[in-house]
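Working notes, structure below.
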Amino acid sequence: MRIAIGSDHAGFHLKQHLIAHLTAAGYEVIDCGTDSDASCDYPDFIRPTAEMVPAGQADVAIVLGGSGNGEAIVANKVHGIRCAVCWNEESGRLAKQHNNANCIAIGERMVTLELGAQIVDAWLGATFEGGRHQRRIDKIEPAV
Ligand SMILES: O=C(CO)[C@H](O)[C@H](O)COP(=O)(O)O
């Protein structure tokens, strides 16, 4: 599985932690920047990260910032992206089970690095339940 990952300055350290974590677990990780914790504007990095998925260059995306809120807002502007803000393992798991999210947003200022990795693992390890959840997703956006 190919995972695109991007952040602004406030999510940079979590991005580096997750790249190491996911690479060690055998995932192909595509680092979309930013490259340091110098202040930058999150749309400049988050939009290109999310666009990797509908472009077929990544299977899923992870977007990171201080809160994750602005990052999710940007990612959800990309057609075909369903990005969920996640803050604990359960929200990560449900992002896949109920929302079939192909992108998650995490705020580095909201979680420890270790919890960030646990959230990602919970999301990647879960299975979409379909059924009533697919019906609801179909009401959000027709098939892309
Ligand atoms: O979480 C974010 C957007 O939702 C940003 O990471 C956050 O707003 C950056 O803040 P600052 O420029 O004060 O470091």
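Both ligands and their constituent atoms are indexed starting at 1 by order of listing. Basis for what follows: all heavy atoms, side chains included, without hydrogens, waters or symmetry-related copies.
Of all protein heavy atoms, the one lying nearest to atom 1 (O) of ligand 1 is Ser67 N, 2.8 Å. The nearest protein atom to atom 4 (O) of ligand 1, hydrogens excluded, is given as Gly70 N, 2.8 Å; this is a heavy-atom distance. With respect to atom 13 (O) of ligand 1, the closest heavy atom belonging to the protein is Arg109 NH1, 4.2 Å. Protein heavy atom nearest atom 2 (C) of ligand 1, with residue, atom name and distance: Glu71 OE2, 3.3 Å.
Heavy-atom separations between His9 and ligand 1 include at least one value shorter than 4.0 Å.
Each of the atoms 1 (O), 2 (C), 5 (C), 6 (O) of ligand 1 lies under 4.0 Å from some heavy atom of Gly66. Residue contact check: Ala10 has heavy atoms under 4.0 Å from atoms 6 (O) of ligand 1. Heavy-atom contacts of Gly65 reach the following atoms of ligand 1: 6 (O) (cutoff under 4.0 Å). Near Tyr42, meaning under 4.0 Å from one of its heavy atoms, ligand 1 places the atoms 3 (C).
Looking at Thr127 and Gln97, their side chains never come closer than 4.5 Å, going by heavy atoms from C-beta outward. For the pair Arg82 and Cys103, the minimum side-chain heavy-atom distance is 4.5 Å or more. Annotation: side chain of Trp123 is not in contact with side chain of Arg93 (no heavy-atom distance under 4.5 Å). Here the side chains of Asp31 and Val29 are not in contact, with every heavy-atom distance at 4.5 Å or above.
Checking only distances, Ser39 never comes within under 3.5 Å of ligand 1, N or O to N or O.
Of the possible polar contacts, one joining the Asp59 side chain to the Arg2 backbone as a donor-acceptor pair under 3.5 Å is found.
For atom 8 (O) of ligand 1, the nearest protein heavy atom is 4.0 Å or more away.
If you check each of Leu64, Asp8, Val74 against atom 6 (O) of ligand 1, the one with the closest non-hydrogen atom is Asp8.
Defined by atom type and a distance below 3.5 Å, a donor-acceptor pair is missing between the side-chain atoms of His133 and Asn99.
Residues Phe45 and Cys40 come closest through the heavy atom pair CE1-SG, 3.7 Å.
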Side chains of residues 62-77: which donor-acceptor pairs under 3.5 Å do they make with residues two or more places apart or in other chains?
residue : atom : partner : partner atom : Å
Ser67   : OG   : Asn69   : N            : 3.0
Glu71   : OE1  : Gly68   : N            : 3.1
Asn76   : OD1  : Cys83   : N            : 2.8
Asn76   : ND2  : Ala72   : O            : 3.1
Asn76   : ND2  : Cys83   : O            : 3.0

